Protein chains: 2
Amino acid sequence: MATTQQRTTVQGGAVRSVLVQSAGFSSAQDIHAALRRQGKPVGLSTVYRHLQSLVEQGVADVIQSPDGEATYRYCGETTSAHHHHLVCRKCGHTEEVTAPAIERWAAQIASKFDFSDVDHTVEIFGTCAPCRKGSAQSAAKS
Amino acid sequence: MATTQQRTTVQGGAVRSVLVQSAGFSSAQDIHAALRRQGKPVGLSTVYRHLQSLVEQGVADVIQSPDGEATYRYCGETTSAHHHHLVCRKCGHTEEVTAPAIERWAAQIASKFDFSDVDHTVEIFGTCAPCRKGSAQSAAKS
DNA sequence: CTGGTTAGTGGGAGTGATTGTCGTTAGCGT
DNA sequence: ACGCTAACGACAATCACTCCCACTAACCAG
Ligand SMILES: [Mn+2]
Ligand SMILES: [Mn+2]
Ligand SMILES: [Zn+2]
Ligand SMILES: [Zn+2]
């Protein structure tokens, strides 16, 4: 009897691969374009499908860019523990950070106001050193 | 000679008014609908325009809802100091919180990785006590 | 008060990301 | 190989949000 119910497809691998190799956060459209550029075009719908799936699996995380576009970033299984990001708003370079203190604080605040099923988002934006010096944009998207 | 360059209009007041009276975060569309319901319809473009303006003035803040819709919330001038939110994901009820510790932490992380022009977003989501008990949604939107 | 200047308005078209549809492909267990 | 059906992908459809631009109404000088 079946057990898989989860077929492995080339497209799935391709999408994941592009995401893994990208430096910062990239949009579905970026990834779709990258795939096409690499000569292995994948349908846009498929890109979205895999991206969602990766997010559900906790392999990637999404954040809504300030202009409302969803951007995805790979979070290695090694790094997959709960964490936050320090993102350069120019080049997208991202540093992953953890802060037990913050987690503790969030939980404390939540209980203080009697909220349950707590969750939170913490993102820090800034300009990284390289971008600050020369406006010499380093490598943007892959 | 002119000095104003900022006319006071009924529409502007109406938009602001609706925003002020709303409990949690509401989308531009919500506000547009509320105004129509109140019998003082305001063009959608105008609603967006005022909302942006309020944000620039720091009178309101925006956060991108998980499904990518921009939602706005009034931040009284009294409360206008930098702060964060604890939002009920069911009824939208929001508590404003401040946390010097977090601010300090953010600054520290930023300098550690040599990032400048730092800014950050911290939002906590959960289910408030009322919503947790009865699934008796309290007052949703205005 | 009144006319002129022009910020502000709003209906409608345009944009662009994301989702839905559904006939066609291609994993994979048998 | 074979068949069942998950996964594709081209294209249509949504939908929040922005543009455009003729029109309205603040507001200031006279
Ligand atoms: Mn991450
Ligand atoms: Mn606030
Ligand atoms: Zn940078
Ligand atoms: Zn609630």
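Each chain gets a letter, A, B and so on, in the order its sequence line appears, and its residues count up from 1. These numbers come from a predicted model, not from an experiment.
With hydrogens and angles left out, the side chain of B/Thr46 and the base of C/dG8 share no donor-acceptor pair within 3.5 Å. With hydrogens and angles ignored, no donor-acceptor pair closer than 3.5 Å exists between the side chain of A/Arg7 and the base of C/dG29.
Contact annotation: A/Tyr48 side-chain N/O to C/dT19 OP1/OP2 distance is not under 4.0 Å. Residue A/Gln6 has a polar side-chain atom (N or O) positioned under 4.0 Å from OP1 or OP2 of D/dA7. Under 4.0 angstrom from either OP1 or OP2 of C/dG10 there lies at least one side-chain N or O belonging to B/Gln11. Taking side-chain N and O atoms only, B/Thr8 has a distance below 4.0 Å to OP1 or OP2 of D/dC27.
Residue B/Arg49 has its side chain nearest to C/dT9 when only C/dT9, D/dG9, C/dA17 are considered.
When atom types are taken as modelled, the side chain of B/His93 and the backbone of B/Val87 share no donor-acceptor pair closer than 3.5 angstrom. Formation of a donor-acceptor pair under 3.5 Å by the B/Ser22 side chain with backbone atoms of B/Val18 is found in this model.
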Tabulated below should be each protein N or O lying under 3.5 Å from an N or O of nucleotides 13-15 of chain D; please produce it.
none

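Counting only heavy atoms from C-beta outward, the side chains of A/Gln64 and B/Glu69 never approach each other to under 4.5 Å.
Residue A/Ser45 is classed as a base contact, given a heavy-atom separation below 4.0 Å to a base. Residue-level contact check: B/His50 touches the backbone only, with heavy atoms under 4.0 Å from sugar-phosphate atoms and none from bases.
With the nearest nucleotide of DNA chain D identified for both B/Gln64 and B/Thr9, B/Gln64 has the one nearer the 5' end.
A donor-acceptor contact under 3.5 angstrom links the side chains of A/Glu103 and A/His84, judged on distance only. Checked by atom type, the side-chain pair A/Arg132/B/Ser116 shows a donor-acceptor distance below 3.5 Å. Between A/Gln52 and A/Tyr72, the side chains place no donor N or O within less than 3.5 Å of an acceptor N or O (distance only, hydrogens not considered).
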